[in-house]
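Down below is the structure, laid out as structure tokens.
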Amino acid sequence: MKNILFIILTSIVGCISCTKDIELKQDETKPRMVLNSIFSPGDTVWVHISESRDILFSGTLPNITNAETQLFDASNNLLGSFTHTEDGNYYLASPTPIAGNTYTIKASANGFDPVTATSGTPYPIMITSIDTSALIPNETINFSVSFNDNGSQQNYYGISVVYYDTTIDIFGEEIINRTSTIGTAELFVANGAEEGSNGLKYSNEFYFSDKNFNGSSITFNGIATDYDKGSGGYYVFGLRSMSEDLFRYNVSFSLYFESQNFFSEPVQIQSNIEDGFGIFGGSYVYMDTLWVD
């Protein structure tokens, strides 16, 4: 009996002593250029360029500071070359994008495949009315934002509402608080995560197209949180017009962060950079401010 017990103990010790770490091997892939640029009509065009890394990389992407970056019009005429400032940031001060025009960006650097992307500049769309007359409990307000869609083209929009107020810390310093979560029951939005049992979706910005109301007046209804009638503050309502490329990127980016749980389906963030990663898209944000007394 003692011999049998000795054999069992020896086997257990042997199994423990034979364990070793198993390295997770992954295919080595050549880094690609990551180019990000969101441009607006009449503004300087800025670009950030960095290197891609594999999915297990947890640091900051290395910047590319020696890229040759150029902007072209719809007829492939060179409009100008970008100048690097620092940390992979490049700018082109002139010419500035024109609403309705299409632009192509091309970038190349030693050791990387050249990348290219094409996108359009949206027309500015103005908010025609804001209604916040209905006050509801739990420090939230109902709001309605209306605007007129441009029926001559397919349009893509984003709605955001940011509330600002100030508090004083223990040192007597003024602190500006910023809250940007809004909720909506609109069925035409392309993103948003459901929370609670009220049937609303919540996000920092909701995205949608004019597919169901091209050329008509659009009204977006929602609720804005963290209204504090005691401190006073103000809301900034934003209506973003954007290119289709930027719309698809923003929707996928929003859904990616709204689905970070064990049971969620994987979400792939959209990119329009050929032979690379990132986004090159046009945007224009019209903002209006509502002060709270």
Side-chain angles (χ1 to χ4, degrees), residues 38-43 97-102 119-136 140-164 179-195 198-227 233-255 258 270 281-293:
I38 299 176
F39 56 91
S40 300
D43 286 344
I98 299 174
N101 286 5
T102 299
S119 190
T121 313
Y123 287 98
I125 302 294
M126 298 176 58
I127 295 175
T128 56
S129 67
I130 299 173
D131 180 14
T132 59
S133 59
L135 182 64
I136 59 178
T140 59
I141 63 166
N142 287 322
F143 70 86
S144 297
V145 175
S146 299
F147 60 96
N148 296 318
D149 177 67
N150 182 351
S152 64
Q153 61 183 17
Q154 182 86 50
N155 296 295
Y156 302 89
Y157 300 108
I159 290 286
S160 63
V161 182
V162 182
Y163 179 70
Y164 296 89
T179 306
S180 58
T181 301
I182 58 176
T184 187
E186 300 289 11
L187 299 178
F188 53 77
V189 296
N191 65 309
E194 294 186 10
E195 299 178 8
N198 59 4
L200 298 181
K201 292 183 177 180
Y202 291 87
S203 185
N204 291 331
E205 185 173 12
F206 283 102
Y207 306 107
F208 54 95
S209 71
D210 64 350
K211 179 179 179 181
N212 297 321
F213 27 66
N214 185 46
S216 62
S217 176
I218 302 172
T219 298
F220 181 97
N221 299 290
I223 64 170
T225 60
D226 281 296
Y227 167 80
Y234 58 95
Y235 289 96
V236 176
F237 292 81
L239 171 60
R240 182 191 304 271
S241 305
M242 69 193 86
S243 62
E244 182 178 1
D245 309 282
L246 184 57
F247 169 77
R248 296 185 182 278
Y249 171 83
N250 283 334
V251 170
S252 64
F253 197 79
S254 177
L255 293 177
E258 292 164 356
Q270 297 292 315
S283 174
Y284 179 87
V285 182
Y286 178 88
M287 291 183 291
D288 207 342
T289 302
L290 175 67
W291 289 89
V292 178
D293 186 359

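Side chains are part of it too, since the values below use all heavy atoms of this structure and drop only hydrogens, waters and symmetry mates.
Proximity of F188 to F213: side-chain heavy atoms (C-beta onward) are separated by under 4.5 Å at one or more points. Counting heavy atoms from C-beta on, the side chains of Y157 and I218 come closer than 4.5 Å. Residues D149 and N214 meet the side-chain proximity criterion, which asks for heavy atoms closer than 4.5 Å. Residues F147 and Y286 form no side-chain contact, since every pair of their non-hydrogen atoms from C-beta on lies 4.5 Å or further apart. Taking the side chain as every heavy atom from C-beta outward, Y156 and N250 never approach each other to under 4.5 Å.
Closest non-hydrogen pair, A224 versus V161, comes out as CB-CG1, 4.0 Å. For the pair S40 and T121, the tightest heavy-atom approach, listed with the atom from each and the gap, is C-CG2, 4.5 Å.
Within the model, atoms CD of Q154 and CG of D210 stand 5.0 Å from one another, a figure rounded to the nearest 0.5 Å. Annotation: the span from Y234 atom OH to Y163 atom OH amounts to 10.0 Å, rounded to 0.5 Å. The line from CG of N212 to CG of L187 is 10.0 Å long, rounded to the nearest 0.5 Å. Note that CG of N204 and CD1 of I159 are 14.0 Å apart. Values are rounded to the nearest 0.5 Å. Atom-to-atom distance recorded for F143:CZ and T184:OG1 is 6.5 Å, nearest 0.5 angstrom. The distance from the OG1 atom of T132 to the CG atom of N142 is 9.5 Å, given to the nearest 0.5 Å.
No side-chain donor-acceptor contact under 3.5 Å links N150 and N155.
Residues passing the side-chain contact (heavy atoms from CB on, under 4.5 Å) test with N191, sequence neighbours excluded: S203, F206, Y207, S254, L255, E258. Residues satisfying the side-chain contact (heavy atoms from CB on, under 4.5 Å) test with A99, not counting sequence neighbours, are P41, Y123, P124. N221 is linked by a side chain to side chain donor-acceptor pair (under 3.5 Å) to S144, E186, counting only residues two or more places apart in sequence or in another chain. Looking at residues two or more places apart in sequence or on another chain, you find no side chain to side chain donor-acceptor pair (under 3.5 Å) involving S160. Residues meeting the side-chain contact (heavy atoms from CB on, under 4.5 Å) test with S129, sequence neighbours left out: S146.
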For residues 237-244, please give each side-chain donor-acceptor pair under 3.5 Å, one per line with the distance, not counting sequence neighbours.
from : atom 1 : to   : atom 2 : distance (Å)
R240 : NE     : E205 : OE2    : 2.9
R240 : NH1    : S283 : OG     : 3.2
S243 : OG     : S119 : OG     : 3.1
S243 : OG     : L246 : N      : 3.4
S243 : OG     : G282 : N      : 3.2
E244 : OE2    : R248 : NE     : 3.1
E244 : OE2    : R248 : NH2    : 2.8

Original post:
Is there a side chain to side chain contact (heavy atoms under 4.5 Å, CB included) between F208 and F220 once you walk through the steps?
Top reply: CA-CA 10 Å; F208 54 95; F220 181 97; 4.0 Å; yes
